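For clarity, every value in this text was computed on a predicted model and none was experimentally measured. Reminder, nothing fancy here: chain letters follow the sequence lines and each chain counts from 1.
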There are 2 protein chains.
Amino acid sequence: MDAMTPEPPSSAERMPTIRDIAEMAGVATSTVSRALSNPQRVNARTREKIERIAAQLHYVPSTQARGLSSGRTGVIAVLVPDITNPFYFDIIRGTQYQLKASGYTQLLVDTEEATDVELDTLRKLRRSTDGVILAASRLTDQQLTDAASRQPLVTINRATAEAPTVLIDTPGAVVQALEHLASFGHRSVVYAGGPTSSWSNHRRWKAIEEAAAKRGMAATRLGPYAPTAFSGAAAADATLGTGVTAVIAFNDLLAIGMLERFRERGVRVPEDISIVGCDDIFGADFCNPPLTTISSPIEQAGRVAVSMLMAQLDPIRGGTPRKLAVMPTHLKVRASTGPARA
Amino acid sequence: MDAMTPEPPSSAERMPTIRDIAEMAGVATSTVSRALSNPQRVNARTREKIERIAAQLHYVPSTQARGLSSGRTGVIAVLVPDITNPFYFDIIRGTQYQLKASGYTQLLVDTEEATDVELDTLRKLRRSTDGVILAASRLTDQQLTDAASRQPLVTINRATAEAPTVLIDTPGAVVQALEHLASFGHRSVVYAGGPTSSWSNHRRWKAIEEAAAKRGMAATRLGPYAPTAFSGAAAADATLGTGVTAVIAFNDLLAIGMLERFRERGVRVPEDISIVGCDDIFGADFCNPPLTTISSPIEQAGRVAVSMLMAQLDPIRGGTPRKLAVMPTHLKVRASTGPARA
DNA sequence: CAACTTTTGGCAATCGCTTGCCGCAGTGTT
DNA sequence: AACACTGCGGCAAGCGATTGCCAAAAGTTG
């Protein structure tokens with residue numbers, strides 16, 4: 001107003017606020033606020049007018065201010081151990097899709113397979129997010145319980161008593177995999193294990209051990225190996241050392257790495273050795289040979305995780321909050337498995 | 001303090017604020033604020049005391065409040081056309097890494113290869129982010145110019161006059177690819193093109209056309225095809241229809257899809273037809289046959305984009321703001337290319 | 001038509017932090 | 001000894017929304 005007041009640099013013109021709208025509409029800011037985020041609280045005519053002005057001004061509410069006063073941020077964090085692992089891509093896509101549909105923003109964080117990064121992130125995020133989806137958490141039960149008591153949380157592939165969980169029923173499919181191998185005459189199998197801190201890893205091995213025992217097959221566990229194609233070489237070599245005819249890998253990444261190593265060493269797949277992966281990631285269908293693997297609707301797992309979180313955030317609209325969802329799995333037979341060599 | 005005041009539900013105990021710290025330390029909130037975010041502005045002893053109390057309270061500053069009053073959000077958005085395209089994985093990893101190192105949070109958004117989603121996202125994000133990295137933007141020059149004038153922006157694989165850009169020098173490598181094919185006796189080549197709105201696509205085709213003309217080779221453009229493995233079938237069929245002995249695909253995804261289709265139809269690669277991909281994505285090395293492709297430090301491109309953005313945000317510390325960075329590329333020869341059939 | 005309820009909109013406090021401005025000490029300069 | 005700095009800390013005004021409380025207006029009812 002004052003002629004002395006220096007104009008702010010016009011480089012970035014000021015963004016409109018509810019005050020601007022309120023002035024133009026001749027109402028109070030509170031009315032604008034209500035019209036925009038609580039429509040039924042305000043008269044239809046007033047609301048329309050406000051909406052029109054808002055649109056005309058290209059008004060975008062400040063998430064910061066909104067979050068500060070309302071306590072809600074509209075942000076959900078998704079924590080994955082490794083952004084570059086294709087397995088998580090499908091999860092991420094699923095959560096992204098469903099979060100967007102629910103009006104939330106997804107904040108993706110790579111925890112680098114490290115417990116402390118995970119813990120630290122969780123702490124920092126407590127303030128700035130409404131909830132967290134924790135995929136393949138590396139936390140201990142205790143840490144997980146603590147975290148769940150502090151913020152709305154849903155885990156994927158990591159069961160806890162405290163937080164709702166989406167589980168991919170890999171153990172179920174492991175049985176199918178074992179049957180499949182048995183039908184090909186395999187009598188002994190190696191499990192190329194994943195990270196020690198991986199809960200799924202334990203779960204998978206237990207299932208294999210048990211199912212193998214039931215069928216009188218010998219099962220050996222190798223590892224731990226990092227869940228990367230790169231580690232496949234070591235896993236392949238160790239497997240060859242055992243003389244088994246079949247191997248089940250912790251995941252497809254590892255399996256694909258093993259495939260390459262086998263080829264390098266002149267070991268034929270599946271003639272000399274059969275290999276089963278897990279997750280049916282991008283690439284499992286076009287590697288050489290195409291990988292027999294355990295497939296599941298991973299993307300859907302992400303979507304389900306989101307809806308379980310939504311139910312937790314808004315118990316009324318969300319309906320009965322499920323504590324556990326199990327995604328079905330099935331064995332996808334491709335060319336990496338075949339009859340056991342004599 | 002008042003006995004009548006109802007205790008807040010202890011379910012989630014209140015998070016500590018700078019006021020709590022200020023009270024405990026016996027200083028004003030402004031001092032706490034400065035001690036924490038502007039350390040040299042406050043006496044060392046005072047600062048240490050405050051830091052100690054903050055740590056003890058597990059204090060985490062509210063990004064919301066901070067952003068509201070300071071105008072900075074600490075968030076950088078990264079927009080990619082398709083989260084599930086492995087090409088962007090590496091970019092995302094690069095940006096994530098570098099942003100974290102710079103103390104920023106990455107907000108990842110999938111724009112679904114759609115111009116309007118991109119535009120809309122950009123608008124919404126203007127308020128809540130400090131800057132944007134736009135990978136393979138589908139925007140027109142005009143739209144891009146507008147966007148760049150409204151918010152700090154860096155593009156990847158999309159040159160503009162306005163915004164700093166990181167380019168992957170694929171056209172450069174296309175020449176290598178053509179030489180490689182020529183040395184194998186190929187005289188005609190097909191380019192299986194990508195999306196019409198893709199700037200790189202045009203750029204690539206121009207380079208091929210020109211390089212082919214210079215060598216007296218015939219070049220035909222096919223497409224557009226969606227940059228997915230799924231579209232590979234159509235691209236493969238169309239390619240076969242032309243009778244050429246070599247094809248360069250818009251990207252590896254498409255190339256891999258073509259590879260599969262060729263196998264389905266009994267066309268041998270590289271005996272019957274040679275194929276060159278582009279990007280060297282995850283999977284290009286283990287598909288069947290492994291793909292000859294144009295490789296480049298994609299992850300580094302992401303990192304460079306971040307540092308260019310940082311330079312823009314803080315011109316003093318950031319050093320000379322580069323307007324353009326070109327990432328080198330080279331042809332990675334694998335098994336999908338070979339001598340032309342007679 | 002009076003008494004009452006429901007709508008509708010305004011006031012003002014608040015969320016947690018940043019930052020411009022001010023003033024008090026302590027130090028150094030002439 | 002008077003003066004000017006400089007370093008350090010406090011005051012208080014925002015940032016842009018939300019929301020509890022209240023009052024005026026409108027609608028209902030007997």
Rounded to whole Å, please give me the gap between [atom1] in [X] and [atom2] in [N].
X: B:R19; N: C:dC15; atom1: CZ; atom2: P; answer: 7 Å
X: B:R66; N: D:dG16; atom1: CZ; atom2: P; answer: 18 Å
X: B:I18; N: D:dG9; atom1: CD1; atom2: P; answer: 15 Å
X: B:E23; N: D:dG9; atom1: CD; atom2: C1'; answer: 17 Å
X: A:M15; N: D:dA17; atom1: CE; atom2: P; answer: 10 Å
X: A:I50; N: D:dA17; atom1: CD1; atom2: C1'; answer: 14 Å
X: A:N43; N: D:dA25; atom1: CG; atom2: C1'; answer: 11 Å
X: A:R34; N: C:dT8; atom1: CZ; atom2: C1'; answer: 9 Å

ask   = Quick one: on DNA chain D, does B:R47 or B:S70 contact a more 5' nucleotide (nearest heavy atom)?
value =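 Final value for this comparison: B:R47.
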remark   = 5'-most contact on DNA chain D (nearest-nucleotide basis), A:Q64 vs B:A28, goes to B:A28
message = So if I take every side-chain heavy atom of B:S62 and compare against C:dC17, D:dG16, D:dC11, which nucleotide ends up nearest?
response = C:dC17
message = From C-beta outward on A:R72, which listed nucleotide comes closest to its side chain: C:dC17, C:dT18, D:dT19?
response =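 Closest nucleotide among those given: D:dT19.
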message = By nearest heavy atom, map B:T31 and B:L68 onto DNA chain C; which one lands nearer the 5' end?
response =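 So the residue in question is B:L68.
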Sugar-phosphate only, base, or nothing, as touched by [X] at under 4.0 Å among non-hydrogen atoms:
X: B:A65; result: base
X: B:S30; result: base
X: B:S37; result: sugar-phosphate
X: B:S33; result: base

Taking [X] for its side chain and [Y] for its backbone only, find out whether a donor-acceptor pair lies under 3.5 Å.
X: A:T111; Y: A:A114; value: no
X: B:T31; Y: B:V27; value: no
X: B:D130; Y: B:G74; value: yes
X: A:S149; Y: A:D146; value: yes
X: B:Q151; Y: B:V132; value: no

Do the side chain of [X] and the base of [N] come within less than 3.5 angstrom through a donor-acceptor pair of N or O atoms?
X: B:R45; N: D:dG9; answer: no
X: B:R127; N: D:dG16; answer: no
X: B:R41; N: D:dG9; answer: yes

inquiry  = Going by ring-ring contact (aromatic ring centres under 6.0 Å, His included), name the residues that satisfy it together with B:F89, two or more places apart in sequence or in a different chain.
reply    = A:F89
key: Salt bridge B:K100-A:E112, side-chain N to carboxylate O under 4.0 Å   =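 Between A:E112 and B:K100 there is a salt bridge, with a charged N closer than 4.0 Å to a carboxylate O.
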ask   = Does A:D110 have any salt bridge (Lys or Arg N to Asp or Glu O under 4.0 Å) partners at least two apart in sequence or in another chain, and if so, which?
value =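 Listed in chain order: nothing, the list is empty.
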request  = Give DNA chain D the dot-bracket treatment, 5' to 3': Watson-Crick (N1-N3 with N6-O4 or O6-N4) or G-U (N1-O2, O6-N3) under 3.5 Å, [ ] crossing, | other strand.
outcome  = ||||||||||||||||||||||||||||||
